[in-house]
Amino acid sequence: MEQTITCISCPVGCRMTVTIENGQFISVSGNTCKRGEAYARQECIAPQRMVTAVIPVQGATTPLSVKTRTPIPKDRISACMKALADVVIAAPVRTGEVVLADVCGTGVDIIATKTVE
């Protein structure tokens with residue numbers, strides 16, 4: 001099976017044709033750098049995404065922006081957002097502080113992206 005995707009690893013945005021057979025990566029064409037091949041392999045076999053959100057902070061009027069430390073499997077995003085819906089943190093919170101460890105069993109922490117006093 002062939003799939004056409006646009007690489008987002010750099011600003012060039014190469015249009016690549018990826019060949020997958022029996023769930024296995026076979027080849028990629030159209031990429032102008034090695035990052036394109038790595039992106040195609042990951043995107044077509046096990047897509048991952050960074051998750052960003054905001055959560056309430058007790059005693060603060062501004063919510064806290066958070067993100068996953070690294071990308072998580074795309075099929076776990078909904079569960080991650082549901083888990084974040086139940087999180088309320090108390091100030092102070094520092095940038096980089098773990099807000100929710102090992103979100104949904106992914107091994108990835110949710111971290112604060114700003115400081116709230």
Side-chain angles (χ1 to χ4, degrees):
M1 173 180 86
E2 285 191 352
Q3 219 176 325
T4 301
I5 63 173
T6 301
C7 183
I8 60 171
S9 291
C10 76
V12 175
C14 296
R15 295 284 294 161
M16 302 182 297
T17 302
V18 183
T19 304
I20 305 291
E21 289 180 11
N22 299 319
Q24 299 293 316
F25 177 87
I26 302 299
S27 67
V28 62
S29 61
N31 55 307
T32 58
C33 68
K34 290 190 181 281
R35 290 188 296 177
E37 180 177 347
Y39 174 77
R41 184 180 302 270
Q42 178 263 314
E43 183 64 15
C44 292
I45 301 300
Q48 297 183 344
R49 299 289 186 271
M50 292 294 288
V51 174
T52 61
V54 294
I55 60 172
V57 178
Q58 291 176 342
T61 57
T62 305
L64 174 67
S65 57
V66 297
K67 69 173 189 163
T68 51
R69 189 180 301 274
T70 59
I72 63 170
K74 189 175 175 183
D75 64 357
R76 301 297 294 153
I77 292 173
S78 181
C80 175
M81 294 303 289
K82 286 178 185 171
L84 282 171
D86 296 331
V87 175
V88 179
I89 195 160
V93 183
R94 304 277 181 259
T95 301
E97 184 176 323
V98 174
V99 173
L100 181 60
D102 187 22
V103 66
C104 301
T106 61
V108 177
D109 298 334
I110 301 290
I111 59 171
T113 62
K114 70 176 186 176
T115 296
V116 176
E117 296 295 333

Please check if atom CD in Q24 has more than 12 non-hydrogen atoms from other residues, nucleotides or ligands closer than 6.0 Å.
no

Could you tell me whether a side-chain N or O of [X] sits under 3.5 Å from a main-chain N or O of [Y], the two making a donor and an acceptor?
X: T113; Y: S65; result: yes
X: R49; Y: P71; result: no
X: D102; Y: T106; result: yes
X: T95; Y: T115; result: yes

Do R15 and T6 pair up side chain to side chain, a donor and an acceptor below 3.5 Å, judged on atom types alone?
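Yes, because at least one side-chain N or O of R15 sits under 3.5 Å from a partner of the opposite role on T6.
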
Taking the side chain as every heavy atom from C-beta outward, state whether [X] and [Y] have any pair of such atoms under 4.5 Å apart.
X: Q42; Y: F25; answer: no
X: V18; Y: S27; answer: no
X: V88; Y: Q58; answer: yes
X: V87; Y: V99; answer: yes
X: I20; Y: I45; answer: yes
X: T4; Y: E2; answer: no
X: C44; Y: I5; answer: yes
X: V54; Y: V66; answer: no

Quick one: do M81 and I55 end up in the same hydrophobic cluster if we chain Ile, Leu, Val, Met, Phe, Trp and Tyr together by side-chain heavy atoms under 4.5 Å apart?
yes

Can you spot which of I110, I111, V103 makes a side chain to side chain contact (heavy atoms under 4.5 Å, CB included) with R69?
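Exactly one option meets the side chain to side chain contact (heavy atoms under 4.5 Å, CB included) with R69, and it is I111.
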
